[in-house]
Amino acid sequence: MRTGYEGQEAESAGTSSLPRIAVFASGSGSNFQALAEASRAGQLGGEVALLVCDKPGARVLERAREAGVPAAVFEPKRYESRGHYERDVLQTLGRHGVQWIALAGYMRLVTPVLLEAYEGRILNIHPSLLPGFPGLHAVRQALDYGVKVTGVTVHLVDAGMDTGPIVAQEAVAIAEDDTLESLLAKIQAVEHRIYPQVVRRLLAGTYGGQEDKA
């Protein structure tokens, strides 16, 4: 069941000729903010037209209000199945004329409902050098395993968990005195820089393919 909209609901695709992007997020939304700021500055090659959030009260909703981006809020637990949930989401994306999806801290696996409708047009950003440390708590896993290098990966989304084709990666060195907080801060700094860059290059058709350097 859709909880409602934060901000103005735009039922039409608008007048911009730029590709329209929906950002999906569940938490703080720092990557949403990076994409929204790049969009507003004309540096994204697309327009962040909608936030989709599955967590009422998440910090990202405040960021969307501040950025002037409409936000559709859903509560998955109110739906009979994941498929029913995503069909409702899909209808909302259609009303907003969304052409691309960027996952940014979205804590749910995407089902075939969205995968088929947006095949090859769903991106995710992950805080490791995939295929290493997929899934949750990737930063903590890197510290626990004692590796010297981790990083950031942007990939297309498929039916698996962080298994889709890699678009770009950037390494982040782990210092001996790094804590979870300090390493997360370094990784997020890279995320906020490269995600808008990768989106822009992908929309322009200029990214170099798998494991391209952002």
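Along the sequence shown, residues carry numbers from 1.
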Closest approach of G120 to L156 (non-hydrogen atoms, all atoms of both residues): O-CD2, 3.8 Å
Please list every donor-acceptor pair under 3.5 Å in which a side-chain atom of residues 104-113 meets a protein atom from a residue at least two apart or in another chain.
from, atom 1, to, atom 2, distance (Å)
Y106, OH, Y85, OH, 2.8
T111, OG1, E86, OE1, 2.4
T111, OG1, V113, N, 3.2

Distance in Å, D88 CG paired with Y79 OH, rounded so as to fall on 0.5 Å steps: 3.5 Å
Residue pairs passing the salt bridge (Lys or Arg N to Asp or Glu O under 4.0 Å) test where at least one lies in residues 171-189, sequence neighbours excluded: D178-K186
For T153, all residues meeting side-chain hydrogen bond (donor to acceptor under 3.5 Å, both in side chains), sequence neighbours excluded: Q169
side-chain hydrogen bond (donor to acceptor under 3.5 Å, both in side chains) involving S28 - partner list, sequence neighbours excluded: R63
Where at least one partner belongs to residues 42-61, residue pairs that pass ring-ring contact (aromatic ring centres under 6.0 Å, His included), sequence neighbours excluded: none
Show me the donor-acceptor pairs, under 3.5 Å and distance only, between side chains in residues 159-167 and residues at least two apart or in other chains.
from, atom 1, to, atom 2, distance (Å)
D162, OD1, N124, ND2, 3.4
D162, OD2, H126, ND1, 3.4
D162, OD2, G135, N, 2.7
T163, OG1, D158, OD1, 2.6
T163, OG1, D158, OD2, 3.2

I101 vs L93 side-chain heavy atoms within contact, under 4.5 Å: yes
Any donor-acceptor N/O pair, E47 side chain to R20 backbone, under 3.5 Å: no
Non-hydrogen atoms of S26 and K55 that approach each other most closely: O-CG, 3.2 Å
Nearest heavy-atom neighbours spanning Y195 and V154: CE1-CG1, 3.9 Å
Hydrophobic cluster membership, L129 vs L123, 4.5 Å side-chain cutoff: no
Solution key, residues 34-45 side-chain donor-acceptor pairs under 3.5 Å, sequence neighbours excluded:
from, atom 1, to, atom 2, distance (Å)
E37, OE2, Q33, NE2, 3.0
S39, OG, V48, N, 3.1

pair I174-T150: side-chain heavy atoms closer than 4.5 Å: yes
Separation between CG of L61 and CZ of F32, rounded to the nearest 0.5 Å: 9.0 Å
Within one Ile-Leu-Val-Met-Phe-Trp-Tyr cluster: V152 and L202, side-chain cutoff 4.5 Å: yes
Heavy-atom closest pair, residues P70 and A49: CD-O, 3.6 Å
Shared hydrophobic cluster, V172 / V149 (ILVMFWY, side-chain heavy atoms < 4.5 Å): no
Any side-chain heavy-atom pair of V52 and T92 under 4.5 Å: no
Common cluster, V69/V73, ILVMFWY with side-chain heavy-atom separation under 4.5 Å: yes
Inter-residue atom distance L114.CG - R121.CZ, 0.5 Å rounding: 11.0 Å
Residue pair L183 / A173: nearest heavy atoms and the distance that separates them: CD1-O, 4.4 Å
Test item: I122 and F24 side chains (from C-beta on) under 4.5 Å apart, heavy atoms: no
Those residues that, when tested against E62, pass salt bridge (Lys or Arg N to Asp or Glu O under 4.0 Å) (two or more places apart): R59
Heavy-atom pair of closest approach, residues P134 and P131: CD-O, 3.5 Å
Contact list for residues 134-147, test side chain to side chain donor-acceptor pair (under 3.5 Å), sequence neighbours left out: none
Side chain to side chain, V89 and D54, heavy atoms closer than 4.5 Å: no
Contacts of type side-chain contact (heavy atoms from CB on, under 4.5 Å), residue E119, not counting sequence neighbours: none
A185: partners by side-chain contact (heavy atoms from CB on, under 4.5 Å), with sequence neighbours left out: none
With sequence neighbours excluded, residues passing side-chain contact (heavy atoms from CB on, under 4.5 Å) with Q188: S30, L184, E191, H192
